[in-house]
Asks: 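Please find one structure pasted underneath; my questions will follow.
Hydrogens, waters and symmetry mates are skipped; everything else that's a heavy atom, side chains included, is used. Here is how names work: the chains are called A, B, and so on, in the same order as the sequence lines, proteins then strands, and each is numbered from 1. Keep in mind that this is a model prediction, so the values were computed, not measured.
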There are 2 protein chains.
Amino acid sequence: MDTQLRKGILDVCVLMAIKNEDSYGYKIIKDLSDVIKISESTLYTILKRLEEGEMLIVRSTEYEGRIRKYYHITQVGIQRIEEFKKEWGEIKKVYAFITGDK
Amino acid sequence: MDTQLRKGILDVCVLMAIKNEDSYGYKIIKDLSDVIKISESTLYTILKRLEEGEMLIVRSTEYEGRIRKYYHITQVGIQRIEEFKKEWGEIKKVYAFITGDK
DNA sequence: CATAATACATCGTATCACATAGTATTGTTA
DNA sequence: TAACAATACTATGTGATACGATGTATTATG
């Protein structure tokens, strides 16, 4: 998929990946792989961004001797998903224009 | 609409705006305004980019004493629109994931 | 005569996806 | 047991894109 088209939707995909259950980096990539491929560099950048935007909180837990960071969605994060759904309405309108379905 | 979501679709919108009939900067903005708002700075950046990508050709015509640039879509430009339509299939899949329509 | 509308151009900035590279541990397999 | 894949996270640099701000110049309108 075109890089530009991914912009703005990857964040929301990551939020969806942790919405129902706290998750960690590697698992998020695996879970999303069927829907959309995200490289590690991209994901960890997104996670940091989402943390700064207070859309998730991080909990470092020890798992089998190594530290694993669990990401937990916040209310702001959930709101972000809802906002995206609204924005999608506009995007669909644009797509209808492009395809000529008017 | 979120800036990031616009990335990648604005180009195609501009191509659509000149697809059926050659047009010029100001008219393109007006014609698209119902569907998607594009500022002048953004549009002229896009037009230049599309020209460099050989998706359109430019013809400077004199109109009422002033030079007006008419943009004409090329075969490459038409192909770009078709590619976008294909990519849309993937985007819809991602959206289905986000909304939970699976 | 001032203001809006028309028409195009340039510069700088912020955001984002991503390649590349590095660190470190655990599990597997030849 | 040495090599390698898989797991897990971090840091740096780059290119593409949208867009605000600003500037120029003409025509139409009130």
Asks: Would you mind reading off the distance between Ile9(B) atom CD1 and dA16(D) atom C1', rounded to a whole angstrom?
Replies: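 In whole Å, dA16(D) C1' lies 16 Å from Ile9(B) CD1.
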Asks: For Tyr44(B) and dC8(C), is the shortest distance between a side-chain N/O and OP1 or OP2 below 4.0 Å?
Replies: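 Yes, such a contact exists.
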Asks: Any residue in residues 13-27 of chain B with a heavy atom nearer than 4.0 angstrom to DNA chain C? Just list them by number, or reply none.
Replies: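 Of all residues in residues 13-27 of chain B, the ones placing a heavy atom under 4.0 Å from DNA chain C are Tyr24(B), Gly25(B), Tyr26(B).
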Asks: Indicate whether OP1 or OP2 belonging to dC18(C) is found under 4.0 Å from a side-chain N or O atom of Arg6(A).
Replies: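 Yes, Arg6(A) has a side-chain N/O under 4.0 Å of OP1/OP2 on dC18(C).
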Asks: Round to the nearest Å and state the distance from Ile38(A) atom CD1 to dA19(C) atom P.
Replies: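 One finds 12 Å between P of dA19(C) and CD1 of Ile38(A), rounded.
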Asks: If we count only N and O atoms by modelled type, under 3.5 Å, do the side chains of Ser39(A) and Thr42(A) hold a donor and an acceptor together?
Replies: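 Distance-only check passes for Ser39(A) and Thr42(A).
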Asks: From CG of Leu47(A) over to C1' of dA11(D), roughly how many Å is that when rounded to an integer?
Replies: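 Distance check: Leu47(A) CG to dA11(D) C1' gives 15 Å.
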Asks: Taking the inter-plane angle between the rings of Trp88(A) and Trp88(B) on a 0 to 90° scale, is it parallel (under 30°), tilted (30 to 60°) or perpendicular (over 60°)?
Replies: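 Judged by the thresholds at 30° and 60°, the geometry between Trp88(A) and Trp88(B) is parallel.
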Asks: In whole angstrom, give the distance that lies between atom CG of Leu5(A) and atom C1' of dA18(D).
Replies: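 Going from Leu5(A) (CG) to dA18(D) (C1'), I get 14 Å.
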Asks: dC19(D), OP1 or OP2 - any side-chain N/O from Lys37(B) closer than 4.0 Å?
Replies: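 So the side chain of Lys37(B) is outside the cut-off, no N or O lying under 4.0 Å from OP1 or OP2 of dC19(D).
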Asks: Look at the side chain of Ser23(A) and the backbone N and O of Ile18(A), then say whether any donor-acceptor pair between them is shorter than 3.5 Å.
Replies: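 No; judged by distance alone, with no hydrogens or angles, the pair does not exist.
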Asks: From CD of Glu51(B) over to P of dC8(C), roughly how many Å is that when rounded to an integer?
Replies: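 These atoms are roughly 13 Å apart.
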Asks: Touch check for Ser41(A), heavy atoms < 4.0 angstrom, all strands: base, sugar-phosphate only, or nothing?
Replies: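 The answer is base, as Ser41(A) lies within the cut-off (heavy atoms under 4.0 Å) of a base atom.
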Asks: Does Leu10(B) reach a base, just sugar-phosphate, or nothing at all? Heavy atoms under 4.0 Å.
Replies: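 Counting heavy atoms under 4.0 Å across all strands, the contact made by Leu10(B) is with sugar-phosphate only.
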Asks: For the pair Lys93(B) and Glu90(B), find out whether any cationic side-chain nitrogen is under 4.0 Å from an anionic carboxylate oxygen.
Replies: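 Looking at Glu90(B) together with Lys93(B), the answer is no, because their closest N to O distance does not fall below 4.0 Å.
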Asks: Touch check for Ile46(A), heavy atoms < 4.0 angstrom, all strands: base, sugar-phosphate only, or nothing?
Replies: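 Touches sugar-phosphate only.
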Asks: By nearest atom, which of the nucleotides dA18(D), dC9(D), dC18(C) is closest to the Lys69(A) side chain?
Replies: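 So the nucleotide nearest the side chain must be dC9(D).
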Asks: Assign each of Ser39(B) and Ile67(A) to its nearest nucleotide of DNA chain D by heavy atoms, then name whichever residue's nucleotide is nearer the 5' end.
Replies: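 Its nearest nucleotide being more 5', the pick is Ile67(A).
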Asks: Using a 3.5 Å distance criterion without hydrogens, assess whether the side chain of Ser60(A) forms a donor-acceptor pair with backbone atoms of Lys69(A).
Replies: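 Absent.
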Asks: Tell me: CD1 of Ile36(A) to C1' of dC18(C), nearest whole Å?
Replies: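 Distance, rounded to whole Å: 13 Å.
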Asks: What is the distance, to the nearest angstrom, from the CG atom on Leu50(A) to the P atom on dC16(C)?
Replies: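 Leu50(A) atom CG is separated from dC16(C) atom P by 10 Å.
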Asks: Is the distance from OP1 or OP2 of dC19(D) to the nearest side-chain N or O of Thr42(B) less than 4.0 Å?
Replies: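 Yes, because at least one side-chain N or O of Thr42(B) sits under 4.0 Å from OP1 or OP2 of dC19(D).
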Asks: Is any N or O donor-acceptor pair between the side chain of Gln4(A) and the base of dC16(C) shorter than 3.5 Å?
Replies: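 Absent.
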Asks: Would you classify Lys30(B) as touching base, sugar-phosphate or nothing, given that sugar-phosphate means primed atoms plus P, OP1 and OP2, and contacts are heavy atoms under 4.0 Å?
Replies: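 Lys30(B): backbone/sugar contact only, no base atoms under 4.0 Å.
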Asks: Stepwise, does the salt bridge (charged side-chain N to carboxylate O under 4.0 Å, His left out) test hold for Asp11(B) with Arg80(B)?
Replies: CA-CA 9 Å; Asp11(B) 282 40; Arg80(B) 177 71 192 89; over 6 Å; no
Asks: Kindly say if Arg49(B) contacts the phosphate of dA16(D), meaning a side-chain N or O under 4.0 Å from OP1 or OP2.
Replies: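 The answer is no; no side-chain N or O of Arg49(B) sits under 4.0 Å from OP1 or OP2.
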Asks: Mapping Lys48(A) and Lys7(A) onto DNA chain D by nearest heavy atom, which one lands closer to the 5' end?
Replies: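 Nearer the 5' end of the strand: Lys48(A).
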Asks: Rounded to whole angstroms, how far apart are CG on Asp2(A) and P on dA18(D)?
Replies: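 The distance from CG of Asp2(A) to P of dA18(D) comes to 10 Å, rounded to the nearest Å.
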Asks: Does NZ belonging to Lys92(B) count more than 12 external heavy atoms closer than 6.0 Å?
Replies: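 For Lys92(B), atom NZ is not crowded (no more than 12 foreign heavy atoms under 6.0 Å).
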Asks: Got a salt bridge between Glu51(A) and Lys48(A), using NZ or NE/NH1/NH2 to carboxylate O under 4.0 Å?
Replies: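 No, this pair does not count.
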